[in-house]
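Only this structure's heavy atoms are used, side chains among them; waters, hydrogens and symmetry mates stay out.
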Amino acid sequence: MSNSTLFYQAGVTLPLVSHGKGIYLWDTEGKRYIDACSGAITCSLGHQHPSVTSAMKAQLDKVAFSYRTQFESQVAVDLGDAMVALTEDRLQRVFLVGSGSEAVESAMKLARQYFYVRGETQRKHFVSLRPSYHGSTLGALGLTGYQPLEQPFEDLLIPSIKVPSPDFYRYTEVDISTHVTRLLQQTEAAMAAAPEGSIAAFVLEPVGGASTGARMLNREYLQGIRALCDRFGCLLIMDEVLSGIGRTGEWFAWQHWGICPDILALAKGMGAGYYPVAAIMARADLVDTVQSAGGFMHGHTYAGNPLACATGLAVIQAMRDENLLDNVREQGGYLRECLEQLKVRYPVIGDVRGIGFLQGVELVQPDGGKTPFPASFNAFSRITECAKKRGLLIYPRRCLNGMAGDHFLVTPPLITTRVELDEMMECLDQALKDFSQQL
């Protein structure tokens, strides 16, 4: 147990961080770590990026904070304009917040208020996938489908209508198309069972994060969900807190399939770990409906502060200047090849999935099947510790409702080069060897 006055999820003693540079971090003992997960899939430009830190310092020399009801900030306006341009003007309004959970809850409240001012006050239910993760605050946790996180707070939550998520690794139908068709039928039945006209929005991650180990959706499924939203008169909210801002090789993961949400939640990559900044984006007609009725009844103290917005704007500019989307597409393909090669060598790797620099590796018992490790074995914790001893940081969780299906994410900073990926894979190879010797 740690003697620190600070507490988080567990009382373990952790190394003290000293400094970072590029894709590397050092602790105070001088040990170097490769940040192969961008912290919490956040530090997309690595550490000490010169143009971002320079923009932050320049903004600090002007003003760090102004309150949104007292001043408008030019840098906030510029950030909003830049973000709308990234959607090719398909989402025309931006509401700035400070974190992913705030973004998801803001999306929920915008959807609710939109229907409220239209006189559809019965629309108060949300639909989401199981498994999924949408945040840790109570509203966002009500959308989340991840049992260990939900269980202690079940009596406090307003749960969403949970429907099964596509699983292109463990599906039992004859093919993926049949699997998708069956899931859409189950989803339609669940939505039809709700009181008529009571659903406000369907919320999903176009590429799963920590709760699913980068589990993918596909065009057929997303088209089906879009059609169901249109049929039931509800909105489609996409949670791209993790997958947004270039991590998949497009600015937003939805752009791979061309199915634009009505409301989009963003965070992590917006500030790239340099300062908390997040947002929701929405269609203009939704926002205009709410604004004409007195405004959005919602807000956070630090929302849209100049320092956060200068950071977000500098991140977008750096990604443009350095052609990082091209790097993610090219090196993401190479990363996937390397992980697939490790899968051939190590029977404990059951599945490799994801897109771009958002890749997941699911661990299974080496029996030639898809048998998860027993929860008591704590495979996800063991592989993470093996990797850390080798100087490699990866991001672990469980993808079967949080109860089984140990996996880890490999989500390096978007600046990562092929040479750095080779170093990363060498460390992961050694970690997998160490892990396999524990079986």
Side-chain angles (χ1 to χ4, degrees), residues 1-4 6-44 46-48 148 209-211 213-214 242 247 268 273 335 338-339 341-343 345-346 348-350 352 354 357-364 366 373-399 402 405-417 419-439:
M1 296 290 289
S2 170
N3 292 322
S4 172
L6 304 176
F7 76 97
Y8 300 107
Q9 288 180 317
V12 297
T13 300
L14 298 171
L16 287 171
V17 67
S18 169
H19 63 283
K21 183 71 173 177
I23 72 164
Y24 303 100
L25 288 163
W26 284 262
D27 66 23
T28 53
E29 299 298 316
K31 182 175 179 177
R32 192 193 73 169
Y33 304 82
I34 303 174
D35 190 358
C37 55
S38 303
I41 309 90
T42 303
C43 300
S44 54
H47 306 275
Q48 290 193 49
S211 65
L242 190 148
R247 179 147 296 278
K268 294 182 182 289
L335 171 60
C338 293
L339 293 173
Q341 290 170 8
L342 290 173
K343 178 184 173 184
R345 294 179 51 206
Y346 291 98
V348 295
I349 297 180
V352 176
F357 273 179
L358 176 47
Q359 300 288 334
V361 177
E362 183 171 343
L363 301 173
V364 294
F373 283 98
S376 59
F377 185 67
N378 286 318
F380 76 105
S381 179
R382 288 172 181 257
I383 187 62
T384 304
E385 188 59 30
C386 288
K388 197 168 186 178
K389 286 180 179 178
R390 294 287 180 175
L392 182 70
L393 303 177
I394 55 178
Y395 199 93
R397 281 294 185 274
R398 288 178 173 145
C399 59
D406 299 81
H407 71 260
F408 60 88
L409 295 176
V410 182
T411 54
L414 311 188
I415 61 171
T416 306
T417 66
V419 171
E420 290 168 336
L421 285 176
D422 285 338
E423 183 183 14
M424 201 177 290
M425 292 300 102
E426 183 178 347
C427 291
L428 183 56
D429 185 4
Q430 292 299 316
L432 286 163
K433 186 179 297 182
D434 296 341
F435 174 80
S436 298
Q437 290 173 354
Q438 297 181 22
L439 303 181

Peer 1: Between Y346 (side chain) and P366 (backbone), is there a donor-acceptor pair under 3.5 Å?
Peer 2: no

Peer 1: Could you name each residue pair satisfying salt bridge (charged side-chain N to carboxylate O under 4.0 Å, His left out) that touches residues 373-390, not counting sequence neighbours?
Peer 2: R390-D434

Peer 1: Of the non-hydrogen atoms in I394 and I383, which two are nearest, and what is the gap between them?
Peer 2: CD1-O, 4.0 Å

Peer 1: Between Q48 (side chain only) and G20 (backbone N and O only), is there a donor and an acceptor less than 3.5 Å apart?
Peer 2: yes

Peer 1: Checking R398 side chain against A375 main chain: does a donor-acceptor pair fall under 3.5 Å?
Peer 2: yes

Peer 1: So, taking the atom named CZ in F380 and the one named CZ in R397, what distance separates them when rounded to the nearest 0.5 Å?
Peer 2: 7.0 Å

Peer 1: So which heavy atom on G209 is nearest to which on L242, and how close?
Peer 2: CA-CD1, 3.9 Å

Peer 1: Going by side chain to side chain contact (heavy atoms under 4.5 Å, CB included), name the residues that satisfy it together with T416, two or more places apart in sequence or in a different chain.
Peer 2: I23, F357, P412, P413, E420, L421, M424

Peer 1: Give, for atom CG of L414 and atom OG of S44, the distance between the pair rounded to the nearest 0.5 Å.
Peer 2: 4.5 Å

Peer 1: Under the ring pair (Phe, Tyr, Trp, His ring centres under 6.0 Å) test, which residues partner F373, sequence neighbours left out?
Peer 2: F377, F435

Peer 1: If I compare all heavy atoms of C43 with all of G273, which pair ends up nearest, and what's the gap?
Peer 2: SG-CA, 4.2 Å

Peer 1: Which heavy atom in G213 sits nearest to a heavy atom in C399, and how many Å separate them?
Peer 2: N-CB, 4.3 Å

Peer 1: Under the side chain to side chain contact (heavy atoms under 4.5 Å, CB included) rule, collect the residues that match up with A40, sequence neighbours excluded.
Peer 2: T42, K268, Y395

Peer 1: Check the surroundings of atom CD in E426: do more than 12 heavy atoms from other residues, nucleotides or ligands lie under 6.0 Å from it?
Peer 2: no

Peer 1: For residues M425 and C338, report the shortest heavy-atom separation together with the two atoms involved.
Peer 2: CG-CB, 3.6 Å

Peer 1: Using the rule given for side-chain contact (heavy atoms from CB on, under 4.5 Å), can you reason through C37 versus L409, listing the C-alpha separation, both sets of side-chain angles and the distance that settles it, and then say yes or no?
Peer 2: CA-CA 7 Å; C37 55; L409 295 176; 5.7 Å; no

Peer 1: Hey, could you give me each pair passing salt bridge (charged side-chain N to carboxylate O under 4.0 Å, His left out) that has a residue in residues 25-41? Not counting sequence neighbours.
Peer 2: R32-E423

Peer 1: Apply side-chain contact (heavy atoms from CB on, under 4.5 Å) to residues I34 and Y24 and explain how you reach the verdict.
Peer 2: CA-CA 5 Å; I34 303 174; Y24 303 100; 3.7 Å; yes

Peer 1: Applying side chain to side chain contact (heavy atoms under 4.5 Å, CB included), can you list everything that pairs with S376, at least two apart in sequence or on another chain?
Peer 2: P374

Peer 1: What I'd like to find out is whether the side chain of I349 reaches to under 4.5 Å of the side chain of L432, using heavy atoms alone.
Peer 2: yes

Peer 1: With sequence neighbours left out, write down each residue that passes side chain to side chain donor-acceptor pair (under 3.5 Å) with Q359, or none if nothing qualifies.
Peer 2: R336

Peer 1: Closest approach of L25 and V17, non-hydrogen atoms and distance?
Peer 2: CD2-CG2, 4.2 Å

Peer 1: Identify, with sequence neighbours excluded, every residue that meets side chain to side chain donor-acceptor pair (under 3.5 Å) alongside S38.
Peer 2: R247

